[in-house]
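Reviewing the structure listed below.
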Amino acid sequence: MNFQFTEDQLMIQQTAREFATSEIAPTAVERDKNAEFPYKLVKKLGELGFMGMMVSPEYDGAGLDTVSYVLAMIEISKVDASLGVIMSVNNSLVCYGLDKWGSEHIKNKFLRRLAKGEKLGSFALSEPEAGSDATKQHTQAHKVDGGWAINGIKNWITNGVSADYHLVMAQTDKEKAHHGITAFLVEKGTHGFTHGAKEDKLGIRSSDTCSLSFENCIVPDENIVWEVGKGFNFAMNTLNGGRIGIASQAVGIAEAALEAAIKYSKIRKAFGTEIANHQGIQFKLADMATNVEAAKLLTLQAAFLKDAGKKYSKEAAMAKLYASKTAVDCALEAIQIHGGYGYVREYLVERYLRDAKITEIYEGTSEIQRIVVARELLKD
Ligand code: CAA
């Protein structure tokens, strides 16, 4: 692994940092409070090329590598993890998969606009009774003249309310179990498709999450992504990259918590001195910083392997597992260091904890990441 970032990678990191500080930070607290979706910021991210970072320029993407994506995701999520997940889903769960496995028709009609941030995407795999156990899809699609009729419900869909294009996994052949699942692209406004109310969430409140319902929703044949029966394969391979995105989001939150804790410990006095001078606080800061660094390295390693065209599913799972725990731990420690001030909204650290928790749940829970890692370790 190369520990030296290229000039381009450093420039992306700097651009993301400046954008996050000047444009995202001023509204982050209010948006979290009011659960307000950042439409204007998403458009601006698109203009910066951050909504289709890894899409080839041939399809209007920024043509960047995964390492650059990780660096940008960390900076954005450090200031606003809600915007981080909106960006991550569009980049790694939607654009990346369409770029890699989409037909020319899909790339020209949908990917271009997603990559430019003109349109937003969602990824719909989870269902009310199929979360971790994702092979057990209840949503079905049956063949009709010229297309497929989708019936079923999807749950916990990030960008579900705001997205224009939804990637929907549905069972097209029950006999074939997960080899009979197909991925469809469903456009907002298609007859028979509706979304549920926005969930009232603990964290990442400025992003939207909802259920999607399909009642004889007809999509044309050309909206199939990859091939009939390849939908589960598509979802799993796409999620491997998605997990790098969520690991980066978690690193961003953890870094923010660490920085807040350092800043506060240098100004808050107790027992006649700044609390940073107490070894009890120093040990906490040292542990937090060590874990943040380890999480970042694991995440960059997974990105590096992906960019090198090597297998990275185990490393992506390890990165998400470790980074999400680090985000939760760092947010908790930052609150502890802030004492009572950490428990109220006036200081940002309580949001870090609320935002951090979901990174241990979505795009595969920590338990699922352990399964992915263990299966790779035990493979013959
Ligand atoms: N990469 C590539 N392929 C994978 C894979 C991975 N990480 N994990 C599993 N697969 C493949 C297997 O190789 C197997 O393929 P074949 O049958 O063709 O050989 C197939 O998937 C089924 O795998 P298993 O036989 O191991 O099936 P299982 O049911 O025992 O386990 C699972 C599957 C790993 C638990 C899988 O269901 C899983 O990853 N579940 C978690 C789902 C998930 O991450 N959901 C997140 C929802 S999306 C989201 O959160 C988006 C959002 O809005 C933020």
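Remember, it's a predicted structure, so these values are computed and weren't measured experimentally. Each residue takes its place number in the sequence, starting with 1. Read the numbers this way: they start at 1 and go in the same order the structure lists the ligands and their atoms.
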Strictly below 4.0 Å, N to O, side chains only: are Asp208 and Lys198 in salt-bridge contact?
no

Under a 4.0 Å heavy-atom limit, does Ser126 contact ligand 1 with its side chain, its backbone, both, or neither?
side chain

Give a yes or no on whether atom 10 (N) of ligand 1 lies under 4.0 Å from any heavy atom of the protein.
yes

Within this structure, what is the NE2-CZ distance for the pair His166 and Phe214, rounded to the nearest 0.5 Å?
7.0 Å

Contact (N/O only, under 3.5 Å) between Leu239 and ligand 1
no

Please tell me if atom 20 (C) of ligand 1 is touched by the protein, where touching means a protein heavy-atom distance below 4.0 Å.
yes

Under 4.0 angstrom from atom 32 (C) of ligand 1, is there any protein heavy atom?
no

At under 4.0 Å between heavy atoms, what of Gln369 touches ligand 1? The answer is neither

So is there a nitrogen or oxygen of Ser313 less than 3.5 Å from a nitrogen or oxygen in ligand 1?
no

Does Lys306 count as lying over the ring of Tyr96, i.e. NZ or CZ under 6.0 Å from the six-ring centre, within 45 degrees of the axis?
yes

With rounding to the nearest 0.5 Å, note down the distance linking CG in Asn216 to NE2 in His191.
8.5 Å

Identify, for atom 23 (O) of ligand 1, the protein heavy atom at the shortest distance, and state residue, atom and that distance.
Phe232 CE2, 4.5 Å

For atom 50 (O) of ligand 1, what's the nearest protein heavy atom and its distance?
Glu363 N, 2.9 Å

So if I count the atoms of ligand 1 from 1 in the order they appear, which ones are less than 4.0 Å from some heavy atom of His179?
16 (P), 17 (O), 18 (O)

Scan the protein's non-hydrogen atoms and note whether one is under 4.0 Å from atom 39 (O) of ligand 1.
yes

Any non-hydrogen protein atom below 4.0 Å of atom 13 (O) of ligand 1?
no

Can you say whether the rings of Tyr347 and His338 are parallel (under 30°), tilted (30 to 60°) or perpendicular (over 60°)?
perpendicular

Between Tyr341 and Glu350, a side-chain donor and acceptor under 3.5 Å:
no

Would you say Leu93 and Trp101 are hydrophobically clustered, going by side-chain heavy atoms of ILVMFWY under 4.5 Å?
yes

Of the listed options (Arg375, Met236, His178, Lys154), which comes nearest to atom 17 (O) of ligand 1 when hydrogens are ignored and any heavy atom counts?
His178

Under-4.0 Å salt bridge between Glu187 and Lys109
yes

Search all heavy atoms of Lys119 against all heavy atoms of Asp164 and return the closest pair with its distance.
CA-OD2, 3.3 Å

Quick test of your reading of the model: are Glu376 and Lys311 salt-bridged, counting only N-O distances below 4.0 Å?
yes

Taking only heavy atoms of Thr135, which atoms of ligand 1 are found under 4.0 Å from at least one of them?
29 (O)

Identify, by atom number and element, the atoms of ligand 1 in contact range of Ser132, meaning under 4.0 Å from any of its heavy atoms.
35 (C), 37 (O), 38 (C), 40 (N), 41 (C)

Could you list the atoms of ligand 1 found under 4.0 angstrom from a heavy atom of Asn240?
1 (N), 2 (C), 6 (C), 7 (N)

Does ligand 1 have an atom under 4.0 Å from some heavy atom of Ile371?
no

Quick test: of every protein heavy atom, which one is nearest to atom 44 (O) of ligand 1, and how far off is it to 0.1 Å?
Arg243 NH2, 2.9 Å

For Asn240 and Ser313, does a side-chain donor sit closer than 3.5 Å to a side-chain acceptor?
no

For ligand 1, the portion of Thr209 having any non-hydrogen atom under 4.0 Å away:
neither

Take atom CZ in Arg31; do more than 12 heavy atoms of anything else shown fall under 6.0 Å from it?
yes

What atoms in ligand 1 come closer than 4.0 Å to a heavy atom of Leu93?
51 (C)

With backbone taken as N, CA, C and O and side chain as the heavy atoms from C-beta onward, which portion of Thr158 lies under 4.0 Å from ligand 1: side chain, backbone, both, or neither?
both

Would you say Val94 ends up clustered with Ile150 if hydrophobic residues are merged whenever their side chains have heavy atoms under 4.5 Å apart, either directly or through other cluster members?
no

